[in-house]
Asker: 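Pasting in a structure now, in structure tokens, and then I'll have a few things to ask.
Computed from a predicted model, the values in this text were never measured in an experiment. Proteins come first, then strands; the chains are lettered A, B, ... in the order of their sequence lines, and each starts at number 1.
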Amino acid sequence: MIEKLEALTAAGTLPDGLSFANVTVEPPRDALHGDLATNAAMVLAKPAKMKPRDIAEALAGLLAEDARVLSADVAGPGFLNLRIDPAVFQGLIPEILTKGTDFGRSNIGAGRKVNVEFVSTNPTGPIHVGHTRGAVFGDALASVLDFAGYNVTREYYINDGGAQVDVLARSAYERYREACGHAPEIAEGLYPGDYLIPVGEALKEKYGDSLIDKPESEWLADFRLFATDAMMDLIRHDLALLGVEMDSYFSEKSLYGSGKIEAAIASLDAKGLIYTGTLPPPKGKLPEDWEAREQTLFRSTEHGDDVDRPVQKSDGSWTYFAPDIAYHYDKIERGFDELIDVFGADHGGYVKRMKAAVSALSGGEVPLDIKLCQLVRLLKNGEPFKMSKRANNFILLSDVVEQVGRDVTRFVMLTRKNDAQLDFDFAKALEQSKDNPVFYVQYAHARVHSVLSKAGTPSDSALQAADTSLLTNPAEMALLKKLAEWPRLAQLAATHHEPHRIAFYLFELASEFHALQHLGKVDGALRFILADQPALSQARLAMIRAVAVVISAGLGILGVTPRDEMR
RNA sequence: GGCCCCGUAGCUCAGCUGGAUAGAGCAGCUGACUUCUAAUCAGCAGGCCACAGGUUCGAAUCCUGUCGGGGUCACCA
């Protein structure tokens, strides 16, 4: 399309120097308007100082010369509707069968290195259901990017440097005392979870009872290390249940004492972005205990933030923000071309400062996109389910996966935009699982498998030879056109960082397939397998095999299993 | 009070970075299997796209404001 526009420019029909950036070519919403439509004439009319219809006419004339274009009609205010030769769509089938699940893979990423950081829960316990969405989202997003030709690294940032790991160590100490036969004293503020009991026992194995009643200074550091390692094992195990595998785990603690924090701050300082000062009080309600303090500040307002942010506390120690800066600095130094952070919506307040930091550290060279996942509201029989620490009734990721299954969990979480709130009704997911869209998609895949096995499970190479020009029924063409959308859709999901588009597309594709299969029940001539028409049957089998391949590719990206049977 | 996200059918949500008559799924009503899985399909009904302005050939989409819902807000990570 762009080529044609350039040709028009060259021919002098259009003036030089027009931007084609806003020109789109896409399948119209209404099939009556043809197979493809473009708004080129309307977008260009103004800058070219020409009437939209004149541009459209010129473009139509040029496009009509292309053998693949059956007709090019100007409609409405200047839309150009194209009818494409069915052979283009029919030719898709052998291509899909040849490429397999690589069909739709693109290279728009051009091998650019992308770091997707996600989950990153504190290493103080197993993964809680609230983090499941971020885990699924980040993993699917990483796959989407990989499919689009990016070089993706999945990374987990271990928050093992702060005060909460001291709390963990103390909690583990109580469990250690318990293992040694003493009554544990789980004070307010410590982690009461049962998952620390085995850690206490393991600590007894290692240390005997030599540390009982010893001062904290003698065991805190060791216990901290031991307990966080144990928690990371738990977390890795939980992630594995979901099918999430990280490429890299990055420890916050490793930043301390390595000079990395100092180096990152120095880098900002060199740009004149670090100063000592006093922040104004927060606007609106003034906290009771607020008092002016002099701190080391990062001039994040220079990079789009609302206020400058402290990197050092008044006593000179680092704030949590300082290692975060150093961590992102490290990512930049590792040579990533793009960064993506997946946060929970409760961290929305850090977006601007983090972007400011990355912008400053990379000189604006490395884009950082922060995807916020709205928290999941758990429902039980339509009632909000409240979790409380005291009652110890936290629902864990492992609970969800064990009860509703990995596929359902993942698909439900991905059938929603990341920034929309999500209700997850436990009872519904369990009892009415038949209504779950994931089964609808898997069922389509299973049906294809079933039909193919009825036909003797022909090989893909055999199906590639099918004469797909026999596929002319409107319902078949509709299915083929839906298949044709896949590569473009996969690319859009990648450029927009929106894996949910894959889920919705798969649902639509499955819908087209189910409709077509059902037509065979109403009209016997449309059945996939016709004993007296082997060539047509072969073509149809090739078509539905192509459907299964694309479903399989899409589900693969989402981390959902394509099933061969639903029984 | 500042900032961020959301507001689309009774409910849960899409809507392809501005396109043609706004779409699905549940729920409701009518129908469709002696055949490749009915975990399916076809149809009906359901809408001031929160509200008011603005930008232009054209707005659910972009801008401003208002109203609702959620999140967050100086040494906690």
Asker: Paired with B/rC48: which nucleotide, if any, by Watson-Crick or G-U wobble criteria at under 3.5 Å for both distances?
Answerer: none

Asker: What's A/His496 touching, base or sugar-phosphate or nothing? Going by heavy atoms closer than 4.0 Å.
Answerer: base

Asker: Heavy atoms under 4.0 Å, any strand shown: does A/Gly162 hit a base, just sugar-phosphate, or nothing?
Answerer: sugar-phosphate

Asker: Between A/Tyr249 and A/Tyr156, how do the two ring planes meet: parallel, tilted or perpendicular, split at 30° and 60°?
Answerer: tilted

Asker: Which nucleotide, in any strand shown, forms a Watson-Crick or G-U wobble pair with B/rG18, with both distances under 3.5 Å?
Answerer: none

Asker: With a cut-off of less than 4.0 Å, is there a side-chain N or O of A/Lys454 near OP1 or OP2 of B/rU35?
Answerer: no

Asker: Which base, if any, makes a Watson-Crick or G-U wobble pair with B/rC3, both distances under 3.5 Å?
Answerer: B/rG71

Asker: If you check every side-chain atom of A/Asp419, which of B/rA38, B/rC6, B/rC75 has the closest atom?
Answerer: B/rC6

Asker: If you find the nucleotide of RNA chain B closest to A/His514 and the one closest to A/Gln312, which residue's nucleotide is nearer the 5' end?
Answerer: A/His514

Asker: If you find the nucleotide of RNA chain B closest to A/Arg309 and the one closest to A/Asn81, which residue's nucleotide is nearer the 5' end?
Answerer: A/Asn81

Asker: In terms of relative ring orientation, are A/His500 and A/Phe504 parallel, tilted or perpendicular, with 30° and 60° separating the classes?
Answerer: perpendicular

Asker: Given B/rC76, B/rU40, B/rC16, identify the nucleotide with an atom nearest to the side chain of A/Tyr320.
Answerer: B/rC76

Asker: Without swapping roles, check the side chain of A/Asp564 against the backbone of A/Ala446 for a donor-acceptor pair under 3.5 Å.
Answerer: no

Asker: Does B/rC41 have its OP1 or OP2 closer than 4.0 Å to a side-chain nitrogen or oxygen of A/Tyr440?
Answerer: yes

Asker: For B/rC62, does the O4'-C1'-N9-C4 or O4'-C1'-N1-C2 angle fall within 90° of 0, making it syn, or is it anti?
Answerer: anti

Asker: Could you please name the option among B/rC41, B/rU72, B/rU35 that lies closest to any side-chain atom of A/Asp346?
Answerer: B/rU72

Asker: Less than 4.0 angstrom between a side-chain N/O of A/Lys417 and OP1 or OP2 of B/rG15, yes or no?
Answerer: yes

Asker: Under a 3.5 Å cut-off for both distances, is B/rU56 Watson-Crick or wobble paired, and to whom?
Answerer: none

Asker: For A/Phe79 and B/rA20, are the ring centres under 5.5 Å apart with planes inclined under 30°?
Answerer: yes

Asker: Is there a Watson-Crick or G-U wobble partner for B/rC26 with both distances under 3.5 Å, and if so, which one is it?
Answerer: B/rG10

Asker: Checking contacts here: which listed nucleotide (B/rC41, B/rU40, B/rC4) is nearest the side-chain heavy atoms of A/Leu372?
Answerer: B/rC4

Asker: Does any nucleotide pair with B/rC41 by Watson-Crick or G-U wobble geometry, both distances under 3.5 Å, and what is it?
Answerer: B/rG31

Asker: Please determine, for the side chain of A/His500, which listed nucleotide (B/rA32, B/rG15, B/rU17) has the closest atom?
Answerer: B/rG15

Asker: OP1, OP2 of B/rC3 versus side-chain N and O of A/Lys352: anything below 4.0 Å?
Answerer: no

Asker: With rounding to whole Å, what would you report as the distance between B/rG71 and B/rC62 at their C1' atoms?
Answerer: 25 Å

Asker: Main chain of A/Met543, side chain of A/Glu476: is a donor-acceptor contact present, judged purely on distance under 3.5 Å?
Answerer: no

Asker: Would you mind classifying the nucleic acid contact of A/Leu492 as base, sugar-phosphate or nothing, using non-hydrogen atoms under 4.0 angstrom?
Answerer: sugar-phosphate

Asker: Taking the minimum atom-to-atom distance to the side chain of A/Phe507, which one of B/rG25, B/rC41, B/rC5 wins?
Answerer: B/rG25

Asker: Taking A/Lys331 first and then A/Glu117, would you say they form a salt bridge - that is, a charged N and a carboxylate O separated by under 4.0 Å?
Answerer: yes

Asker: Side chain of A/Arg488, heavy atoms from C-beta onward: which of B/rC36, B/rC16, B/rU12 has the nearest atom to it?
Answerer: B/rC16

Asker: In terms of side-chain heavy atoms of A/Phe504, which of B/rG15, B/rC13, B/rC36 is nearest?
Answerer: B/rC13

Asker: For a quick check under 3.5 Å, do A/His347 and A/Asp341 share a side-chain donor-acceptor pair by atom type?
Answerer: no

Asker: Mind checking if A/Phe321 touches a base, just sugar-phosphate, or nothing, with heavy atoms under 4.0 Å?
Answerer: nothing

Asker: If you round to the nearest 0.5 Å, how far is OG1 of A/Thr495 from CG of A/Leu145?
Answerer: 9.5 Å

Asker: Measure CE/A/Met543 against C1'/B/rC36 and give the value in whole Å, please.
Answerer: 12 Å

Asker: So which nucleotide from B/rC16, B/rU40, B/rC36 ends up closest to the side chain of A/Val451?
Answerer: B/rC36

